[in-house]
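Written below as structure tokens is the structure these notes are about.
Worth knowing before you read on, the calculation uses all heavy atoms, side chains too, and leaves out hydrogens, waters and symmetry mates. Please read these numbers as outputs of a predicted model, since none were measured by experiment. Each chain gets a letter, A, B and so on, in the order its sequence line appears, and its residues count up from 1.
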Number of protein chains: 2
Amino acid sequence: MLDSHHDQTAMPGEQGDHSLLQLDHQLCFALYACSKEVTRLYRPLLQELGLTYTQYVTLLALWERDGEPVKSLGSRLYLDSGTLTPLLKKLESMGLVNRVRDRADERMLRVNLTEAGQAMRAKAGSIPRKLCEVTGMELRDLEALRLQLQQLNAVIQHHYEEDSEHGED
Amino acid sequence: MLDSHHDQTAMPGEQGDHSLLQLDHQLCFALYACSKEVTRLYRPLLQELGLTYTQYVTLLALWERDGEPVKSLGSRLYLDSGTLTPLLKKLESMGLVNRVRDRADERMLRVNLTEAGQAMRAKAGSIPRKLCEVTGMELRDLEALRLQLQQLNAVIQHHYEEDSEHGED
DNA sequence: TCCAATTTAATTGTATGCAATATAGTTGCG
DNA sequence: CGCAACTATATTGCATACAATTAAATTGGA
């Protein structure tokens with residue numbers, strides 16, 4: 001116990017500067033904060049389209065693969081049916097998608113873009129460029145950062161795959 | 001419109017490979033996915049302490065500065081009172097903090113760690129190391145990634161500060 | 001001093017996000 | 001075929017998140 005004197009007055013730099021638990025030293029918190037702040041940058045742009053951020057990335061996925069089942073959509077978006085079911089119902093109520101059971105396998109629900117859902121893609125086209133401008137950072141650096149994040153994510157996925165191979169005990 | 005033919009059969013690699021809107025090209029989504037997956041790594045470790053991830057980072061902040069008011073706590077954690085009020089009430093019901101009005105300024109609510117809240121810090125001490133082990137990545141690389149995220153976050157903060165200087169119109 | 005503007009928390013409403021469970025459809029094996 | 005194991009989606013409950021509003025306390029002039 002190096003810091004056995006903990007008073008209530010919160011002397012700055014006294015309670016945890018040498019600690020592994022310092023907030024500013026946590027990669028997890030840098031990710032958490034950065035993700036939220038980037039999402040906040042999107043908010044006003046998406047508001048013009050009447051979309052939330054999660055609805056936006058769901059449409060990104062569907063613009064690439066129309067008619068995808070909920071399960072594989074969730075796998076790409078890292079979301080489960082508990083989140084996707086109400087979200088897709090919302091997109092349906094907005095007239096952007098249709099939800100139809102697969103006739104060959106009635107368990108699967110396929111999500112199809114409507115005309116309006118297709119049309120939204122053109123309106124969203126300018127968003128990536130606008131966001132880049134806001135940061136004013138080098139495109140090269142943003143790309144590099146993205147690749148590192150994808151690599152870290154891949155490492156984590158690999159970790160889970162290893163676990164399930166060993167027959168989770 | 002380079003892709004005016006959009007059929008329902010979702011030909012892989014046909015609808016958006018050349019597009020700026022491709023999911024895998026978005027820095028925002030890499031952040032969003034990575035943040036969620038890292039949080040998922042924490043979950044089983046935090047579960048042993050009976051904490052959620054947001055409760056954990058709130059305690060990280062309090063371990064550094066005990067007795068901090070809700071406002072400044074929220075500023076450090078990028079959370080507003082709508083999120084913090086119920087979260088802090090929960091931590092209080094768990095016996096980890098006390099919430100007391102500042103006598104000099106009754107608007108402010110100060111959050112003080114209890115004995116149990118202080119004690120929790122020792123139990124959490126092993127978490128950062130465990131997380132590092134899981135990834136198996138070089139500490140150097142993880143540090144570098146964190147610094148880049150903090151820099152991006154700083155750029156975004158600077159962007160908002162600039163905006164408010166111009167007298168938000 | 002008095003009161004309008006400001007500041008801090010709390011509240012309300014909507015949207016995620018995830019664990020656990022429920023339900024329906026499918027598959028595989030005897 | 002009959003049924004147990006499996007799979008896909010939906011539902012429920014709890015915990016974030018954030019915008020907008022409310023309420024209470026404080027501050028800063030006129």
Side-chain angles (χ1 to χ4, degrees), chain A residues 28-29 32-44 46-47 50-59 67-94 97 99-111 160 164, chain B residues 28-29 32-44 46-47 50-59 68-75 77-94 97 99-111 160 164:
Chain A
C28 67
F29 183 70
Y32 168 83
C34 209
S35 177
K36 284 204 301 182
E37 289 302 283
V38 167
T39 300
R40 184 155 75 107
L41 286 178
Y42 275 84
R43 206 159 303 150
L46 294 176
Q47 204 158 29
L51 296 175
T52 65
Y53 181 74
T54 314
Q55 290 164 5
Y56 171 67
V57 294
T58 303
L59 288 176
E68 197 169 8
V70 171
K71 179 79 175 184
S72 91
L73 196 57
S75 157
R76 284 210 287 157
L77 296 173
Y78 300 87
L79 292 172
D80 69 2
S81 69
T83 303
L84 276 177
T85 295
L87 188 145
L88 293 170
K89 283 182 178 175
K90 175 71 178 181
L91 287 179
E92 186 171 49
S93 80
M94 294 162 70
V97 305
R99 298 157 66 246
V100 293
R101 289 282 161 189
D102 186 306
R103 265 179 294 183
D105 186 341
E106 294 267 344
R107 288 173 305 183
M108 292 197 294
L109 187 72
R110 289 188 177 273
V111 185
Y160 283 120
S164 59
Chain B
C28 67
F29 183 71
Y32 168 83
C34 209
S35 176
K36 284 204 299 182
E37 288 302 284
V38 167
T39 300
R40 185 154 74 106
L41 285 179
Y42 274 84
R43 206 160 300 143
L46 293 176
Q47 205 158 31
L51 296 174
T52 64
Y53 181 75
T54 314
Q55 290 164 4
Y56 171 68
V57 293
T58 302
L59 288 176
E68 197 169 10
V70 172
K71 179 78 176 184
S72 91
L73 196 57
S75 157
L77 296 173
Y78 300 88
L79 293 172
D80 69 3
S81 68
T83 303
L84 276 177
T85 294
L87 187 144
L88 292 170
K89 284 182 178 174
K90 175 72 178 179
L91 287 180
E92 187 170 48
S93 80
M94 294 162 69
V97 305
R99 299 156 67 245
V100 293
R101 290 281 162 189
D102 186 305
R103 265 178 295 185
D105 186 341
E106 294 267 344
R107 288 172 303 183
M108 292 196 295
L109 188 71
R110 289 187 178 275
V111 185
Y160 283 120
S164 59

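With sequence neighbours excluded, no residue forms a salt bridge (Lys or Arg N to Asp or Glu O under 4.0 Å) with R101(A). With sequence neighbours excluded, the residues satisfying side chain to side chain contact (heavy atoms under 4.5 Å, CB included) with S81(A) are T85(A). Y78(A) meets the side-chain hydrogen bond (donor to acceptor under 3.5 Å, both in side chains) test with N153(A); sequence neighbours excluded. Contacts of D105(A) classified as salt bridge (Lys or Arg N to Asp or Glu O under 4.0 Å), with partners at least two apart in sequence or in another chain: R107(A). Here Y32(B) pairs with Y53(A), F29(B) under the ring-ring contact (aromatic ring centres under 6.0 Å, His included) rule; sequence neighbours left out. Residues meeting the side chain to side chain contact (heavy atoms under 4.5 Å, CB included) test with S72(A), sequence neighbours left out: E68(A), P69(A). Residues meeting the side-chain hydrogen bond (donor to acceptor under 3.5 Å, both in side chains) test with R40(B), sequence neighbours left out: E37(B). Partners of R110(A) under the salt bridge (Lys or Arg N to Asp or Glu O under 4.0 Å) rule, at least two apart in sequence or in another chain, are D102(A).
Summary of the strand contacts: T54(B) and K71(A) both lie near DNA chain D, and taking for each the nucleotide with the nearest heavy atom, the more 5' one is attributed to K71(A). Comparing Y53(B) and R99(A) by the nucleotide of DNA chain D whose heavy atom lies nearest to each, the residue mapping closer to the 5' end is R99(A). In terms of position along DNA chain C, the nucleotide closest to D80(A) lies nearer the 5' end than the nucleotide closest to the other residue of the pair D80(A) and D105(A). Nearer to the 5' terminus of DNA chain C, by closest-nucleotide assignment, is the contact made by R43(B) (compared with the other of R43(B) and E106(A)).
When all heavy atoms of G74(A) and L84(A) are compared, the closest pair comes out as CA-CD1, 3.4 Å.
Rounded to the nearest 0.5 Å, atoms NZ (K71(A)) and CG (D80(A)) are 9.0 Å apart.
Base engagement by S81(B) is indicated by at least one non-hydrogen atom pair under 4.0 Å involving a base atom. Residue contacts for R40(B): at a heavy-atom cut-off of 4.0 Å it reaches no nucleic acid atom on any strand shown. Among the protein residues, R101(A) comes within range of the sugar-phosphate backbone only, with heavy atoms under 4.0 Å from sugar or phosphate atoms but none that close to a base.
The nucleotide range of DNA chain C contacted by chain B, defined by atoms under 4.0 angstrom from heavy atoms of the protein and reported 5' to 3', is dT7(C) to dA19(C). For DNA chain D, the outermost nucleotides in 5' to 3' order that have an atom under 4.0 Å from a heavy atom of chain B are dA15(D) to dT26(D).
Of the residues in residues 82-90 of chain B, G82(B), T85(B), K89(B) come within less than 4.0 Å of DNA chain C through at least one heavy atom, sorted by number.
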Could you list the donor-acceptor pairs under 3.5 angstrom formed between side-chain atoms of residues 87-94 of chain A and any protein atom two or more places apart in sequence or on another chain?
from: E92(A); atom 1: OE1; to: R99(A); atom 2: NH1; distance (Å): 3.3
from: E92(A); atom 1: OE2; to: R99(A); atom 2: N; distance (Å): 3.1
from: S93(A); atom 1: OG; to: K90(A); atom 2: O; distance (Å): 2.7

